[in-house]
Protein chains: 2
Amino acid sequence: MPTTPGGDQPYLKHLNRARVLHLLRTHPGLSRAELAAHSGLTKVTVGSLVTTLLDGGWLSEGHARPGATGRPGRELHLGETQHVLLGAEIGVLGARAVATTLRGTVLARAETRTPTTTPHAAAHTVTRLCGQLLQDPATQGRELLGLGVALPGPVSPDGTRVLYAPNLGWDDVPFLDLLRAAPDLPATLPAGAITLDNEANAAAFGESFLRPGEPPQLLAYVSLGSGVGAGFTALSGTPHVLRGARGLAGEIGHAIIQPGGLYCHCGNRGCVETLLGGWAIRAALNLNVLDPLDEALAPRLREAAVQVTLGRAGEALGQLLVNLHQTLGPDEIVIGGALTRLDGAVLGPALDVYHARQWRPAAPPARVTVRTDSLYLPALGAAAQLLARVIDTPQEPA
Amino acid sequence: MPTTPGGDQPYLKHLNRARVLHLLRTHPGLSRAELAAHSGLTKVTVGSLVTTLLDGGWLSEGHARPGATGRPGRELHLGETQHVLLGAEIGVLGARAVATTLRGTVLARAETRTPTTTPHAAAHTVTRLCGQLLQDPATQGRELLGLGVALPGPVSPDGTRVLYAPNLGWDDVPFLDLLRAAPDLPATLPAGAITLDNEANAAAFGESFLRPGEPPQLLAYVSLGSGVGAGFTALSGTPHVLRGARGLAGEIGHAIIQPGGLYCHCGNRGCVETLLGGWAIRAALNLNVLDPLDEALAPRLREAAVQVTLGRAGEALGQLLVNLHQTLGPDEIVIGGALTRLDGAVLGPALDVYHARQWRPAAPPARVTVRTDSLYLPALGAAAQLLARVIDTPQEPA
DNA sequence: CTCTTTAGTTAGTTGATTTAACGAAATGCA
DNA sequence: TGCATTTCGTTAAATCAACTAACTAAAGAG
């Protein structure tokens, strides 16, 4: 018994309004006439929608753009001045938040480096960071549209519960309710305008959604932190996160990469994380230097151990990329997370494995991007998820 | 520059028509009032749509269903008598075709066991089988809605080209054009009403689409034939095949399952198919009995070799299932293909590996179904894909 | 300075859905 | 048997967002 939204004329208008907004998001600067051509709507309809959106501050009108013959069109862009979106990420060692415009421009950042403890404390951390951002001069006088939150664990498909977050020690937490009830929750936050998602999903969505131009058909974001996770977005009109049946898609850290391999803390053997997880790498390095044989030899031994461990991690990542490629057929792979700072040592071997593979001409490899500056990516992506929800949710937003 | 369909009232009407059809597909026997409640439309709108659909033979009206107080509603079902859909599958060793109703009821089957050779010959085989089906008494007097075709290789996302099909020796074949130009193409086939897809995608879609009741959120179909492939469907309103960027999703036969493992004919090492592919199993069994040491010992040796080979294949399948689970988080896995006839020997170990894994309470295993009767599944699924297209394509179908 | 071309707006029409009211078909109780 | 009740489905009028057609506006070309 699906409860799909009603198919009446207001719904149709909403669809068209969303189409105009998405078009201007991916193709900034289009004129009304160009919007009409791209959307299949008529100039009249587009003109009417644009007028409404200009009034609401959702769009801004640039100056004419002469050059060709005929009356020049006037450039339209998403509005940059009247709204603000918040995005936050709860990490193991701290939390981050950003305030952005409709175009994804970052207005302000905030960070705390206190390790995350209980869900209650984490919720309060988020609201405090949000409060800081809303006091920043750059966000003053703007209408707050909502808050997107990302965290290191899978979330139920309805976006209300954290199913588990091993690195935080959480298990089945109704985090959305905790956020709503948290102290210092901004009073201007519209009711219900909070999204919750896995940090890898949020980052993947941000990468697909915020970049101008044609979005990737299928983007895989691989998050290399203490654990290993992934987020996938597929393009069906606009980018959408692939969640799987219960929000568990992308839990690739415990895919089997080496049958009969090392034991993993999940109770199985040969998981991706046993070679590639931050915790496993740290453990391996500590183990390798436990018994210092010789003061002079130790640094060189340590150096060798590091190379071996990171090389193995790289090969594991390469195998993971190949398998993601074979399973999902992405056209773009983005690698982010703290481990990307070990750049060459891990990513070099990984890309070697990935690109050494034989690809058929009809099945070329995906474009692989490494984001060494991925610190705010999940928070930014969470804000983008909220923006998408605001655009796609049928309702007259003021 | 996306060329999305226009957002006018006819489009809205189409959406609502499709919603009614899909509702009656998943929930046969609903009344107009119940349809209104489930769809969010009003009784008036539903009544108007239903009248049109009844006139066109898309729906049939059953008798009233008394029992409760008040005027009883009249049961509605998808029409079974006025339309026919064709589905065909091109396999390595032969081809199969089915004729079905709107509900997926099989009206007639046809098969040929001549091994597939060239694309031209295969196209003609399909049209010949279709001709046979259309001469069957069960399909007489019905309007032909279209033809869905499935084959063992990935297809370009626009459904026109076969990117490659190693088991057929095909490479980048514009098969849709060949079909359109094939001799004996049924004259009553509407222009453009042909779909083309990978057999695993088709089978996955059929499993998700034709079963009454709520469809699975994410279904993975694993096809165990000469090669190993997979098809995925995700529920977004109705089931949709996940194709990846270029139609390459599901090419799991060459995912790496054992780093440094056996060499694969794809040029890489440790692919799934080196242990689980039909060709690899056959090769392993032949190799193992190449040198008959002793007439008396040979049968027992052979038996042992079979057990070892199939056991390894089963473990490989188990690992594959685990990795699909971790990557996509399906709620349902269906296993089909010729190898399912080796039931216990392969599937036993596979399910052992899958279920021996530690699952978190919030992340239970998927329901696993083995289809030993999967011979006509891809053909049936291809017909279902065509049906979905007929329902979802905006146009007034006669 | 007029002509041509393209951009955007105004006026009136179309069409699908809506609300409101009505007729139809069953059960249930006097 | 008869009448009230309940729910189903239809008819009639209203709404609303798109459309077509025709206009004005703003640039470049000759």
Side-chain angles (χ1 to χ4, degrees), chain A residues 4-21 23-24 27 29-55 59-77 394-396, chain B residues 4-21 23-24 27 29-55 59-77 394-396:
Chain A
T4 37
D8 52 358
Q9 280 106 332
Y11 176 67
L12 186 63
K13 182 167 195 174
H14 156 73
L15 284 183
N16 290 334
R17 187 191 98 116
R19 180 152 12 165
V20 167
L21 287 173
L23 270 172
L24 283 175
H27 303 262
L30 290 182
S31 67
R32 291 167 177 80
E34 289 165 330
L35 280 173
H38 285 309
S39 66
L41 304 171
T42 61
K43 286 191 298 177
V44 181
T45 307
V46 170
S48 150
L49 287 168
V50 165
T51 305
T52 314
L53 291 169
L54 282 171
D55 288 347
L59 299 185
S60 66
E61 194 163 25
H63 285 294
R65 181 184 39 185
T69 170
R71 171 177 170 177
R74 307 182 66 175
E75 293 193 346
L76 297 168
H77 297 270
Q395 66 181 5
E396 210 51 12
Chain B
T4 37
D8 51 0
Q9 280 107 331
Y11 176 67
L12 184 64
K13 181 166 196 176
H14 156 74
L15 283 182
N16 290 334
R17 187 191 99 115
R19 180 150 13 162
V20 166
L21 287 172
L23 270 171
L24 283 175
H27 299 80
L30 290 182
S31 68
R32 290 169 179 76
E34 289 165 328
L35 279 173
H38 284 311
S39 66
L41 305 171
T42 62
K43 286 191 297 178
V44 180
T45 307
V46 170
S48 149
L49 287 168
V50 165
T51 305
T52 314
L53 291 169
L54 282 171
D55 288 346
L59 298 184
S60 67
E61 194 163 25
H63 286 294
R65 181 184 40 187
T69 171
R71 171 178 170 178
R74 307 183 67 174
E75 293 193 345
L76 297 167
H77 298 270
Q395 65 181 7
E396 209 50 12

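First the proteins, then the strands, lettered A, B, ... as listed; each starts at 1.
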Tightest non-hydrogen contact, residues B:Leu35 and B:Leu23, listed as CD2-CB, 3.8 Å

Separation of D:dC8 atom P from B:Leu76 atom CG, nearest Å, is 13 Å

All heavy atoms of B:Pro72 vs all of B:Ala64, minimum pair found to be CG-CB, 4.0 Å

For residues 40-50 of chain A, which side-chain N or O atoms pair as donor and acceptor with protein atoms under 3.5 Å away, sequence neighbours left out?
{"residue": "A:Thr42", "atom": "OG1", "partner": "A:Thr45", "partner atom": "N", "Å": "3.3"}
{"residue": "A:Thr42", "atom": "OG1", "partner": "A:Thr45", "partner atom": "OG1", "Å": "3.0"}

Rounded to whole Å, the NE2-C1' distance (B:His63 to D:dG9) equals 18 Å

Between CG of B:Leu35 and C1' of D:dT10 the distance, given in whole Å, is 16 Å

Rounded to whole Å, CG of A:Leu41 lies from C1' of D:dC19 at a distance of 11 Å

**Asked** Between D:dA17 and A:Asn16, is there an OP1 or OP2 to side-chain N/O distance shorter than 4.0 Å?
**Response** no

| request: Test for a donor-acceptor pair under 3.5 Å between the base of C:dA7 and the side chain of A:Arg71, counting only N and O atoms. | output: yes

Query raised in the report: In terms of side-chain geometry, is the basic nitrogen of A:Glu75 or A:Arg32 positioned less than 4.0 Å from the acidic oxygen of its partner?
Result: no

Side-chain contact check for B:Gln9: nearest option of D:dA27, C:dT9, C:dG15 is C:dG15

request  = Looking at every strand, decide which applies to A:Val44 at a 4.0 Å heavy-atom threshold: base, sugar-phosphate, or nothing.
outcome  = base

Rounded to whole Å, CG of B:Leu49 lies from P of D:dG9 at a distance of 14 Å

Rounded to whole Å, the CG-C1' distance (A:Leu12 to C:dT17) equals 11 Å

To the nearest angstrom, the CZ-C1' distance between A:Arg74 and D:dA25 comes to 11 Å

(request) Looking at every strand, decide which applies to B:Ser31 at a 4.0 Å heavy-atom threshold: base, sugar-phosphate, or nothing. (result) sugar-phosphate

Of B:Lys13 and B:Gly70, the one whose nearest nucleotide on DNA chain C sits closer to the 5' end is B:Lys13

Atom CG of A:Asp8 and atom C1' of C:dT19 are separated, to the nearest Å, by 13 Å

**Item:** Short side-chain N/O contact to D:dT10 OP1/OP2 from B:Arg32, under 4.0 Å
**Value:** yes

On DNA chain D, more 5' by nearest nucleotide between A:Thr45 and B:Gly47 is B:Gly47

- Taking OP1 and OP2 of D:dA27, is either one under 4.0 Å from a side-chain nitrogen or oxygen of A:Thr69? no

Looking for any heavy atom pair under 4.0 Å, which part of the strands does B:Lys43 touch: base, sugar-phosphate only, or nothing? base

Result for 5'-nearest mapping on DNA chain C, choosing between A:Glu75 and B:Pro72, is A:Glu75

Rounded to the nearest 0.5 Å, the NE2 atom of A:His38 sits from the CG atom of A:Leu24 at a distance of 10.0 Å

